[in-house]
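Throughout, residue positions are numbered sequentially from 1 according to the sequence presented.
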Amino acid sequence: MKRFIAYFSIAALAFGASAQSKKSDVPHSSRYEIERDMPTFLDRIHEELTYPLAWGNSDIKDYGVWNRTARDKVIELMLTPPKHSSSWAPEVVAEEKRDGYTAQKMTFNLTDYSRVDAYVLTPDGDGPFPALVALHDHGGHYTIGKEKMIRPFEVDAWVYDDADKWADNLYEGQYLGDYLAKNGYVVISVDALFWGDRGRKEGPDGSKHANIAGNFQMLGRNMSAWMNFEDMYTAEFLATLPKVDPERIGCIGLSMGAYRSWMLAALSPIIKAGVAVCWMTTTDIQLSWEYGREKGGFANCLLGVRNYLDYPHVASLACPKPMFFLNGETDKLFPTVAVNKAFGEMRKVWESQGASDNLRTEIWDIGHQCHKKEQSECLKFLDKHLK
């Protein structure tokens, strides 16, 4: 028995040493069909992505019919949604008076599975006020979510520090949600699944995102879509708050928050206007040999949708709602060639419906950010359409 244990230990050590060897040392065939984490036949696939359900490509000529048909197809491909809770059952657990508004930490049943924490900011006065769903970014930073949008309170010291550093980096030290509340909006922000208070028991680890997304798919669900469904539910909950005008609800976000923002505007009738800062592209450029990111985006991966619609086509489901898309000239995540191509696709839709004035698409001399200047312009747009 001792001999067996000794042999096993030596074998295990040998295996471990082998596993730690450089990937280039591992014998492999000189033939291959995967390069830079993409199929070598990538260009052939792009040729087959003709987006037959896009407005202008589809045989449907009635815009209202097309919008319902395309939206239904997107919802279908988002797979099974999380079950609605039977009651929101909101509870205010903490409150803080701020300059011109009140911050509340609230819990409510976002779905039948998840009771979540949210920050809700309400301007001083009787209301009803216009309101916004503030959608946090990705950033490969998972320890906080809603705290990227709204200045936290009654939290551990490390959360204050974490949130302030994030706000300094991407938002020039000005929390977007607080800025909007101070200017007359009820604002809500909730962690997306995998971020903040809804993260992993074992601790944050971005490398696990693929595993978790795969497990969702094995369960007949889509993790990215789950986030979008929950954003829709958040908008529904926001509309029930006593000081909110349900006819003046919008959404706003940066980066992944921007993707979530235009998805929410496209899918939810509750949303009347939206702002998306630094997230727009087309699939042929996003996944290409010249510009490709060389990795899948599990936060924006809806299975099968590309067989019908590209990103700007889905965003165009928001037409004729007022929408502001702002991207950066030096944003390394979204090259301007892709952004301009996507903007062109969207403009065709709004123009076809005589709603050109409701679509604002701009590229500024900025990077991947939403600093004070960008926030000010977003506020002007929202004031024009929601106040």
* Go through Arg71 and Glu76 one step at a time and tell me if the salt bridge (Lys or Arg N to Asp or Glu O under 4.0 Å) criterion holds. => CA-CA 9 Å; Arg71 181 183 181 277; Glu76 173 192 334; over 6 Å; no

* Specify the closest pair of heavy atoms between His385 and Ala273, including all atoms of both residues, with the distance to one decimal. => CB-CB, 4.3 Å

* Consider only side-chain N and O atoms of Asp331 and His368, and report whether a donor and an acceptor are under 3.5 Å apart. => yes

* **Any residue meeting side chain to side chain contact (heavy atoms under 4.5 Å, CB included) with Leu379, in chain and number order, not counting sequence neighbours** => Tyr179, Leu180, Asn183, Tyr185, Asp383

* Determine, step by step, whether Asp126 and Lys243 satisfy the salt bridge (Lys or Arg N to Asp or Glu O under 4.0 Å) criterion, reporting the C-alpha distance in whole Å, the side-chain angles of both residues, the deciding distance to 0.1 Å, and the verdict. => CA-CA 7 Å; Asp126 297 330; Lys243 290 193 176 183; 5.4 Å; no

* Is the shortest heavy-atom distance from the side chain of Met149 to the side chain of Tyr175 under 4.5 Å? -> no

* Trp195 six-ring face occupied by Lys146 cation (under 6.0 Å, within 45°) -> no

* Structure fact -> Looking only at heavy atoms, the pair that brings Trp279 and Met256 closest together is CD1-N, 4.0 Å

* For Lys272, does the NZ atom have more than 12 heavy-atom neighbours from other residues, nucleotides or ligands under 6.0 Å away? -> yes

* salt bridge (Lys or Arg N to Asp or Glu O under 4.0 Å) evaluation trace for Arg306 with Asp310 -> CA-CA 5 Å; Arg306 294 291 83 80; Asp310 201 0; 3.6 Å; yes

* Say whether Val277 and Met280 are linked into one hydrophobic cluster, either directly or through other cluster members, by side-chain heavy-atom distances under 4.5 angstrom. => no

* With distance as the sole criterion, is a donor-acceptor pair present between the side chains of Asn300 and Ser224 under 3.5 Å? -> no

* **Nearest heavy-atom neighbours spanning Ser87 and Asn109** => O-ND2, 3.0 Å

* Do Arg360 and Phe324 meet the cation-pi criteria used here (NZ or CZ under 6.0 Å from the six-membered ring centre, within 45° of the axis)? -> yes

* To do: Run the numbers on Lys148 and His141 for side chain to side chain contact (heavy atoms under 4.5 Å, CB included), then give the verdict.
  => CA-CA 10 Å; Lys148 296 177 178 181; His141 189 73; 4.0 Å; yes

* **Hydrophobic cluster identity match, Leu79 and Leu309, side-chain contacts under 4.5 Å** => no

* In Å and rounded to the nearest 0.5 Å, what is the CG to CZ distance from Leu238 to Phe108? -> 9.0 Å

* Do Met263 and Ile271 sit in the same hydrophobic cluster, where Ile, Leu, Val, Met, Phe, Trp and Tyr count as joined when their side-chain heavy atoms come under 4.5 Å apart? -> yes

* Going hydrophobic residue to hydrophobic residue with side-chain gaps under 4.5 angstrom, can you get from Ile252 over to Phe381? -> yes

* **Verdict with reasoning, Thr102 to Leu121, per side chain to side chain contact (heavy atoms under 4.5 Å, CB included)** => CA-CA 6 Å; Thr102 297; Leu121 308 180; over 6 Å; no

* Asked: Take atom CG in Asp72; do more than 12 heavy atoms of anything else shown fall under 6.0 Å from it?
  -> yes

* Where do Tyr51 and Asn307 land on the side chain to side chain contact (heavy atoms under 4.5 Å, CB included) test, with the steps shown first? -> CA-CA 6 Å; Tyr51 309 116; Asn307 294 316; over 6 Å; no

* Lys165: which of Asp168, Asp161, Asp162 passes salt bridge (Lys or Arg N to Asp or Glu O under 4.0 Å) -> Asp161

* State yes or no: are the ring centers of Trp66 and Tyr63 separated by less than 6.0 Å? => yes

* Would you say Lys387 has more than 12 foreign heavy atoms packed within less than 6.0 Å of its NZ? -> yes

* Asked: Does some side-chain heavy atom of Glu147 sit less than 4.5 Å from a side-chain heavy atom of His136?
  -> no

* To do: Answer yes or no: is there an ion pair linking Arg151 with Asp164, defined by an N-O contact shorter than 4.0 Å?
  => no

* Quick one: do Val275 and Trp262 satisfy side chain to side chain contact (heavy atoms under 4.5 Å, CB included)? Show the steps, please. => CA-CA 7 Å; Val275 175; Trp262 58 253; over 6 Å; no

* To do: Group every Ile, Leu, Val, Met, Phe, Trp and Tyr by side-chain heavy-atom contacts under 4.5 Å, then state whether Phe129 and Ile188 land in the same group.
  => yes

* Do you see a donor-acceptor pair shorter than 3.5 Å between the side chains of Arg347 and Ser356? -> no

* Rounded distance [0.5 Å steps], CG in Leu132 versus OG in Ser189 -> 11.0 Å

* Full working for salt bridge (Lys or Arg N to Asp or Glu O under 4.0 Å) between Asp117 and Lys105 -> CA-CA 7 Å; Asp117 292 335; Lys105 186 179 292 184; over 6 Å; no

* For Thr40, enumerate each residue passing the side chain to side chain contact (heavy atoms under 4.5 Å, CB included) test, keeping only those at least two apart in sequence or located in another chain. => Tyr32, Glu33, Glu35

* Asked: Counting only heavy atoms not in Lys332, do more than 12 sit closer than 6.0 Å to its NZ atom?
  -> no

* To do: Please report the closest heavy-atom contact between Ala103 and Phe153, naming both atoms and the distance.
  => O-CZ, 3.6 Å

* **Test applied, side-chain hydrogen bond (donor to acceptor under 3.5 Å, both in side chains); reference residue, Gln375; option that passes from Lys380, Glu172, Gln174** => Gln174

* With distance as the sole criterion, is a donor-acceptor pair present between the side chains of His209 and Ser207 under 3.5 Å? -> no

* To do: State whether the number of non-hydrogen atoms from other residues, nucleotides or ligands found under 6.0 Å of Asp59 atom CG is greater than 12.
  => no

* Asked: Does a side-chain N-to-carboxylate-O contact under 4.0 Å join Arg198 and Glu230?
  -> yes

* **Thr281 side chain reached by Val339 side chain, heavy atoms, under 4.5 Å** => no

* Locate the shortest heavy-atom distance separating Arg36 from Ser288; write the atom from each residue and the value. => NH2-O, 4.1 Å

* **Six-ring centre of Tyr113, Lys83 cation under 6.0 angstrom, axis tolerance 45°** => no

* Of all heavy-atom pairs between Asp231 and Arg260, which one has the smallest distance, and what is that distance? -> OD1-NH2, 2.8 Å

* Examine Tyr233 together with His84 and report whether their ring centres are nearer than 6.0 Å. => yes

* To do: Could you tell me whether Lys73 sits above the aromatic face of Tyr308, with NZ or CZ closer than 6.0 angstrom to the six-membered ring centre and within 45 degrees of the axis?
  => yes

* Asked: Is it true that the side chains of Asp191 and Tyr142 contain a donor and an acceptor less than 3.5 Å apart?
  -> no

* Would you confirm whether the ring centroid of Trp55 sits within less than 6.0 angstrom of the ring centroid of His313? => no

* To do: Would you sort out whether Tyr171 and His371 count as a ring-ring contact (aromatic ring centres under 6.0 Å, His included), showing the intermediate values?
  => CA-CA 4 Å; Tyr171 301 93; His371 287 182; 8.3 Å; no

